[in-house]
There are 2 protein chains.
Amino acid sequence: MKKVSLEDISKELGVSKTLVSFVMNGRAKEQRISDEMAEKVLKKAKEMGYEANYAAKVLRTGKSDTIGLIIADISNTFFAKLARSIENNAQKHKYNVIYGSTDEDTRNSVKLIEVLKKKNVDGLIISPSIGDQKIIKQLNKEKIPYVLVDRYFPEIQSDVVVVNNFQGSYDIINRAIEQGSKKIAFLNFNAELVNMQDRFKGYQQALKDAGIPYEEKLVKNLNFSNMDKEIETAMKELLSISPTIDTIYFSNNQLMLLGVKYLLRTDKEFLSKVKVTSFDCYEFMDLLDLPISYGEQPIKEIGKVAVDLIVDKIENKHTTPKIITLPIKN
Amino acid sequence: MKKVSLEDISKELGVSKTLVSFVMNGRAKEQRISDEMAEKVLKKAKEMGYEANYAAKVLRTGKSDTIGLIIADISNTFFAKLARSIENNAQKHKYNVIYGSTDEDTRNSVKLIEVLKKKNVDGLIISPSIGDQKIIKQLNKEKIPYVLVDRYFPEIQSDVVVVNNFQGSYDIINRAIEQGSKKIAFLNFNAELVNMQDRFKGYQQALKDAGIPYEEKLVKNLNFSNMDKEIETAMKELLSISPTIDTIYFSNNQLMLLGVKYLLRTDKEFLSKVKVTSFDCYEFMDLLDLPISYGEQPIKEIGKVAVDLIVDKIENKHTTPKIITLPIKN
DNA sequence: AATAATTGCTAAAACGATTTAGTCAAAATG
DNA sequence: CATTTTGACTAAATCGTTTTAGCAATTATT
């Protein structure tokens, strides 16, 4: 039951393993191997159930046909859907994907990148966390192919796939204003990241263009750790300014979920009066009997573009970094 | 900028690479290498930034410290959460995970298992699809370590982690009956799989124990492909028996989501009169202003147990297959 | 003092591919 | 006819580990 190697086949046929290797890699023509010989090899290989040993291949060539996916949390629907899209598109290029969750902690990013590099992944698709600048710069220095998704660092040259956070956010707020909103609270998350800053800027600009004054007390910034607690505090503070607030804008879906849950628990009445809107959504949004509106991320497209980019980097070693911005759906 | 190898270190220190290898693998004591030498090696290795080449390691030892995860769809919350739990527990044992989605199509299972085997994964965690019996038997024959999760085939000896589908289903229906339900429709999915059959049996038994006659016309079986269409047809047929139906029981969360969406679109009034319950749930269930009750799967636990099992199989080669059944939360 | 055991270390094979640089004969070219 | 080209194939190095078998020198045992 032992595995069949190139050598086994070559011995069986009385030829060199070089020849067998060439045939198995489809390089028969190029290496002027006679058609009958090529056929004989192919036949014997199938007959003996030959399967190339990947480890040997990787050791020799350095290519593993595997890409690493590093995200905040695979169990989060956004990343889960992204992972699926990446899987599908990677498969088309004959790549598999190995994933790791960071929980937005840069120490985990570092560890994960380290081990995936060791395991010879050909490239990385990364949704970076706050503080990942150093490790990303390191990747640049080592010329490791990688693509950033969802977030990026403007000060670092990278290949990037993001959505148009500013415009998306602007449109959401603008629509709310058109529908009569006047006092719009904004709950942001991981505000240090550019994409979140852009969402904030979109919010500000929309207010400005509508002639609504920006009020700092209506904006709250939260972080990943202890989100449950933080959102409670933030909501309480906002409620103390109530009832003038007519709309709450959450900068992502997770925040929105927690926020709405909190209101359901504590102030159902307020919830029935206020409008809720969020940048991101869940698939169940239309089930809710709440006036929630949202912008939807083109997740499939993000995954596709990210894979196309990384494969291009791996296989063609193109050098000029691209930033690809996709529109969000309203 | 080339990678540092064992040999580089050995040359630098004027010792054999055997020695360096022993030290790097923590076998210094066992191999009677002097403490000072061990220390010297460790120091030099760190200084030179040595990192073992995994491909070489895998080629030599056959171990990749990677497990393969094969599920229906990583973007489905159930599997996404499972993937996260598996990732966390795998990490504790120094394993990474590489995933693939089958879309419940056995042809995809076969392909995925094939390529993951080629890539030297040490073991597989699989949520099998209908028709996977053949490939699973093959794994048994080849003595490839694997663990089935969520579903299994009673006729095949396997290591398995499942929930108590019968009891869970029984409890859900029983509770509904206690709350006054008399005519309970059941929408099942992938009914050929044992776990789904068990959910059905739990439903039947609960009816029986309550003295409610079983009615075949209240039960609908759906399949993965074309679920959207199928659920519409099924719901329409059920509605035609309405309004005597007072409860609809969905055998999983996806079904429930689609079913409720359908009702919201077409017959909101009916939805307000009927009780909805499902075996599985989504994290947003308590947001809904609908009388939906459900049983919750212990996903974290499933992942943990599955990883423990597979690691045990890989490292200790234990032989007697275990079926581990976990209770569902109500 | 002769033998046995221990200590500290190493040479070389093996894992299974890919690839460079040939070889040798037959055919083409001038 | 001498030389070049082509066609068909191969030997051997290489990728970077792990591991078996064994070698000297030192220490312990009787």
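Values below: every heavy atom of this structure, side chains too, minus hydrogens, waters and symmetry copies. Lettering follows sequence order; numbering is per chain, from 1. Everything numeric here is computed off the predicted structure, so don't read it as measured data.
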Identify whether any heavy atom of A:S5 sits under 4.0 Å from a base atom; if not, whether one sits that close to sugar-phosphate; answer base, sugar-phosphate or nothing. sugar-phosphate
Could you tell me how far apart B:L59 (CG) and C:dA13 (C1') are, to the nearest whole angstrom? 13 Å
Base, sugar-phosphate or nothing for B:A52? Non-hydrogen atoms, less than 4.0 Å. sugar-phosphate
Between C:dA17 and A:Y50, is there an OP1 or OP2 to side-chain N/O distance shorter than 4.0 Å? yes
Check the distance between D:dC15's C1' and A:Y54's OH and give it to me in whole angstrom. 17 Å
Do we see a donor-acceptor contact under 3.5 Å between the side chains of B:Y54 and B:S64? no
From CG of B:L6 over to P of C:dA12, roughly how many Å is that when rounded to an integer? 18 Å
Please work out if B:E36 contacts a base, only the sugar-phosphate, or nothing of the nucleic acid, heavy-atom cut-off 4.0 Å. nothing
When we call it a touch if two heavy atoms are under 4.0 Å apart, what does B:T61 touch: a base, just sugar-phosphate, or nothing? sugar-phosphate
Regarding A:E39 and A:K44, does a basic nitrogen lie under 4.0 Å from an acidic carboxylate oxygen? no
With a 3.5 Å distance limit and no angle check, can you tell me whether B:S101 reaches the backbone of B:I74 through a side-chain donor-acceptor pair? yes
Identify whether the distance between the nearest side-chain nitrogen and carboxylate oxygen of A:E51 and B:K117 falls below 4.0 Å. no
Grab the CG-P distance between A:N25 and C:dA17 for me, whole Å please. 10 Å
Can you tell me if the side-chain N/O atoms of A:N53 get under 4.0 Å from OP1 or OP2 in C:dC15? no
Between the base of C:dT18 and the side chain of A:R60, is there a donor and acceptor pair under 3.5 angstrom? yes
Assess the side chains of B:T66 and A:K119: does a donor N or O sit below 3.5 Å from an acceptor N or O? yes
A:A56 side chain: which of D:dT18, C:dG16, C:dT19 is closest? C:dG16
Test A:Q138 against every option in A:K141, A:K134, A:E142 by the side-chain hydrogen bond (donor to acceptor under 3.5 Å, both in side chains) rule and name the one that passes. A:E142
To the nearest angstrom, how far is B:L13 atom CG from C:dT10 atom P? 10 Å
Report the distance from atom CG of B:D8 to atom C1' of D:dG16, rounded to the nearest whole Å. 10 Å
Looking only at the side chains, is there a donor atom on one of B:N53 and B:K3 sitting less than 3.5 Å from an acceptor on the other? no
May I have the distance from A:E30 (atom CD) to C:dT19 (atom C1'), rounded to whole angstrom? 11 Å
Given protein heavy atoms under 4.0 Å, the one-letter contact record of nucleotides 3-11 of chain D, with B base, S sugar-phosphate only and - none, is simply ----BBBBB
Please give, in whole Å, the distance from C:dA17 P to A:K63 NZ? 18 Å
